[in-house]
Amino acid sequence: MSGTDLDALPDGGKHADAERPGVTEESRWGKSATGASIKGANALSLHVPEPVGRPGDEPNFSHVALSAAGEVSRPAVDAYAGDIKAHATSLVRVLSDDHEAVGEWAGATSLALCVQGLRAMMKVRAYDERMLIAQRQGKTSFYIQCTGEEAISCGQRLALERGDMCFPTYRQQGLLLAQDYPLLDMICQVFSNSRDKLRGRQLPVMYSAKDYGFFSISGNLGTQFVQAVGWAMASAIDGNNRIASGWIGEGSTAESDFHSALVFASVYRPPVILNVVNNQWAISSFQGVAGGASATFAERAHGYGIASLRVDGNDFLAVHAASKWAERRARSNLGPTLIEWVTYRAAGHSTSDDPGKYRPKGDAEAWPLGDPIDRLKNYLIKQDRWSEAQHEQTWTALQEEVRAATREAETYGTLNEGPKPSALEMFEGVYEEMPEHLLRQRQKLGV
Amino acid sequence: MTMIEAIRDAIDTMMARDQRVVVFGEDVGYFGGVFRCTDGLQEKYGASRVFDTPINESGIIGVAVGMASYGLRPIAEIQFADYVYPGYDQIVSEAARLRHRSAGDFTAPMVVRMPCGGGIFGGQTHSQSPEALFTHVAGLKTVMPSNPYDAKGLLIAAIEDPDPVIFFEPKRLYNGPFDGYHDRPLTAWKQHPKGAVPEDYYSIELGKAELVSEGDDVTIIAYGTLVHVALAALEGTNISADVIDLRTLVPLDLAAIEASVQKTGRCVIAHEATYTNGYGAELAALVQETCFYHLEAPIERVTGWDTPYPHAQEWDYFPGPARLEKAICRVLEGTALAEGAAAQANGGANQ
């Protein structure tokens, strides 16, 4: 809300405070905490943003600005950032409510690719469901689902080429599964077992897969965004044609790394796609706590002269088409693109979280952009490339594939049972060669 | 060569040998750096390998991590060590751990260079020695040369190293071997044997200390500027001391320390950084662990005080030769040497 909007309110925007328990007239207008005398209605008050709904409220998404499917134009790939500013507040959508692909962004994605994308998204969901159960069974300490956000990572990965490098957060498992990265390797990492490629060192889901263009996930938020820019700068310095794709959540755009990434991307114009996944929630903090109520996240690119798009993240066709647009720009040396993916985190933040404590029940179901798998399924059925029966069959087969991989992974151990990585592994790889002080410490532990 | 020329020569040598080496930082490109360490390199190697960056240390180090993971060999210059803190997260959480957390899938072979230390009236934002903030971090190597010859050899080794290296350059040594006597005329590096720097490629292995003075009475462990202060403190005394220039703090040449202290039985540790939890505390602990039964006296530490680096009081803060000499006398207490040295110290400068 801007300053002028505040002035327009009868009480100068203070009504929200007055309704809160513990905020009395005395505490508002009496002596301040530091003892300063306050002149009645002239007292300042802090704006602490609140979401429109909390537990007990009805879901309400009237504040999410939407465009109709097909409404937003597709600019030329070499469009000047300053000429497409409206694309940061509108919403690129391809799939209509009656399951058609409409508008200028349609046609970028073949039906065969849609089927591939649908399978990939379903695999991600089947995998997430199984790993959630495995965590509840004590086979791992921690798991993070991406329910409702599957289209973004799967759609973008299918717009990239081999050799391109993604710098993901922990909610982009689709980048691996869309390439048929071995399920077994993922599960062994989640179980931190004797076959874990990361040798038990890293938290579950913090995969690393260089051969699949998947940078090691840190677990710290935001740090990888500027590294993606650096990697893309390196590709340009090297005279290569590979591009980078950086990922960040809307909550972490508040980190200074986000600014660092944008300012370096603005200055050197490297071949990078800067993805902001706006899933509305950063653990319990709604997007307004990251500044999302004042402007869209896509609009932040404007101050840096970077082209940006705001896109329906639950629309596989829109994701793929927008990613392809940004990919073409990057690979043609036309510089970076920021894309805000508007989506909804349908599950909890992680297995350690309970969203029922801070947001309305039924929010995910009420999300106006629907479920990405359902939407793509319905489109393909309408195109006669898919059927309910095929969908059921595929789902059952994928569940079985994941179950089988989980069973196999269990033979290599789980976090609490069976074989696990040796304690020696913690001393290895701190440096390329183990220095003497680590050798001595290793000997002390007796490994 | 001066230390600045030696550093520039090391970067030049490596840029000519290895296409993957790139160098960047604030004012590093066209201007050649505020201390001139990259002067002429942009002209020689082009702006895509030598360039200016925005004033954003987390960005400078963050992009270096990305470049290193790509396969380049970035050298990031932080204009003053005092400015590194916005980039600390990228060093500690990212560069230092990348190899370990990805089980070698990705690595960060990069060098972060920064001028450190006081002695130029830089006040609290241009004088710090934050090496202990880096020696504490698993996965980093930390280097601090004390002269041009070592600076070139160590920097080349750092650039070639497969792991991230934090490279501190004591700025008071850039133009001459500073002995702590700020009121005396500067000696130029060309009058010092370590100012003779070959133009060819050579490297000095990280983790190897150098014994710069040999003796039997006491061991002085120092690095950077304090190596010269230690030599100045001994000058004119009858004390025969081992002066160890560590050169690399991590990995540490503990064998050199052990051999010396077991011989002398007495140990003084000197650095410019603050006292509490300074690297000297680690050194003292290691000496105690490895040489306890050889020690004849408690270990002494001579360091900066636990205060921000002051401006007007710079020479009260700086651990100069007089303070070091007093510490040496304390560890020699009860020996004939101590009395002679004490007399000497009382007649000396008031540092």
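In the text below, chain A, chain B and the rest are named by the order of the sequence lines, each starting its count at 1.
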Can you tell which of Ala138(B), Ser48(B), Ser69(B) has the highest number of heavy-atom pairs within less than 4.5 Å of chain A?
Ser69(B)
Could you have a look at Ser102(B), Ala68(B), Gly207(B) and say which one has the most heavy-atom pairs with chain A under 4.5 angstrom?
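Result: the option with the highest number of such pairs is Ser102(B).
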Taking the side chain as every heavy atom from C-beta outward, state whether Phe214(A) and Asp105(B) have any pair of such atoms under 4.5 Å apart.
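Not touching, per the 4.5 Å side-chain cut-off.
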Are side-chain heavy atoms of Phe51(B) and Met233(A) found at a separation under 4.5 Å?
yes
Take Thr53(B) and Tyr268(A) through the test side chain to side chain contact (heavy atoms under 4.5 Å, CB included) and record every step on the way to the result.
CA-CA 9 Å; Thr53(B) 62; Tyr268(A) 304 106; 3.6 Å; yes
Under 4.5 Å heavy-atom distance to chain A, tell me which part of Asp89(B) shows up: side chain, backbone, both or neither.
side chain
Which bit of Thr107(B) is near chain A, if near means a heavy-atom gap under 4.5 Å: side chain, backbone, both or neither?
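It is neither, since no heavy atom gets under 4.5 Å.
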Take atom [atom1] of [X] as the centre, draw a 6.0 Å sphere, and report whether it contains more than 12 heavy atoms from other residues, nucleotides or ligands.
{"X": "Leu211(B)", "atom1": "CG", "value": "yes"}
{"X": "Asn277(B)", "atom1": "CG", "value": "no"}
{"X": "Arg440(A)", "atom1": "CZ", "value": "yes"}
{"X": "Tyr202(B)", "atom1": "OH", "value": "yes"}
{"X": "Glu436(A)", "atom1": "CD", "value": "no"}
{"X": "Arg331(A)", "atom1": "CZ", "value": "yes"}
{"X": "Glu43(B)", "atom1": "CD", "value": "no"}

If you tally heavy-atom pairs under 4.5 Å against chain B, which of [options] wins?
{"options": "Asp238(A), Val263(A), Thr223(A), Ile237(A)", "result": "Thr223(A)"}
{"options": "Asp196(A), Asn220(A), Asp211(A)", "result": "Asn220(A)"}
{"options": "Gly219(A), Ala244(A), Ser235(A)", "result": "Ser235(A)"}

Closest heavy-atom pair and its distance - [X], [Y]:
{"X": "Ser218(A)", "Y": "Glu94(B)", "value": "OG-OE2, 2.7 Å"}
{"X": "Gly139(B)", "Y": "Val430(A)", "value": "N-CG1, 3.5 Å"}
{"X": "His100(B)", "Y": "Glu428(A)", "value": "CD2-O, 3.2 Å"}
{"X": "Ala103(B)", "Y": "Arg201(A)", "value": "CA-NH1, 3.5 Å"}
{"X": "Pro54(B)", "Y": "Val267(A)", "value": "CG-CG2, 4.0 Å"}

Can you tell which part of [X] gets under 4.5 Å to a heavy atom of chain B, answering side chain, backbone, both or neither?
{"X": "Glu425(A)", "answer": "backbone"}
{"X": "Phe215(A)", "answer": "both"}
{"X": "Met206(A)", "answer": "neither"}
{"X": "Lys197(A)", "answer": "backbone"}
{"X": "Leu203(A)", "answer": "neither"}

Give a yes-or-no answer on whether the side chains of Ser260(A) and Ser58(B) include a donor-acceptor pair shorter than 3.5 Å.
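Judged by distance alone, the side chains do pair up.
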Side-chain donor-acceptor contact under 3.5 Å, Gln90(B) with Gln227(A):
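There is such a pair (donor and acceptor under 3.5 Å, judged by atom type) between the side chains of Gln90(B) and Gln227(A).
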Extract all donor-acceptor atom pairs below 3.5 Å that involve side chains of residues 249-257 of chain B and protein atoms in other chains or at least two apart in sequence.
residue, atom, partner, partner atom, Å
Asp253(B), OD1, Ala256(B), N, 3.2
Asp253(B), OD2, Ala209(B), N, 2.8

Does the [X] side chain pair with the main chain of [Y], one donor and one acceptor, at a distance under 3.5 Å?
{"X": "Tyr431(A)", "Y": "Leu140(B)", "answer": "yes"}
{"X": "Tyr70(B)", "Y": "Trp231(A)", "answer": "no"}
{"X": "Arg101(B)", "Y": "Ser216(A)", "answer": "yes"}

Can you name the residues of residues 154-164 of chain B that have some heavy atom under 4.5 Å away from a heavy atom in chain A?
Pro162(B), Asp163(B)
Inter-residue atom distance His437(A).NE2 - Glu282(B).CD, 0.5 Å rounding:
9.0 Å
By the definition side chain to side chain contact (heavy atoms under 4.5 Å, CB included), identify the one residue from Val63(B), Ile60(B), Ile61(B), Asn56(B) that meets it with Val226(A).
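Per the side chain to side chain contact (heavy atoms under 4.5 Å, CB included) rule, the option paired with Val226(A) is Val63(B), out of Val63(B), Ile60(B), Ile61(B), Asn56(B).
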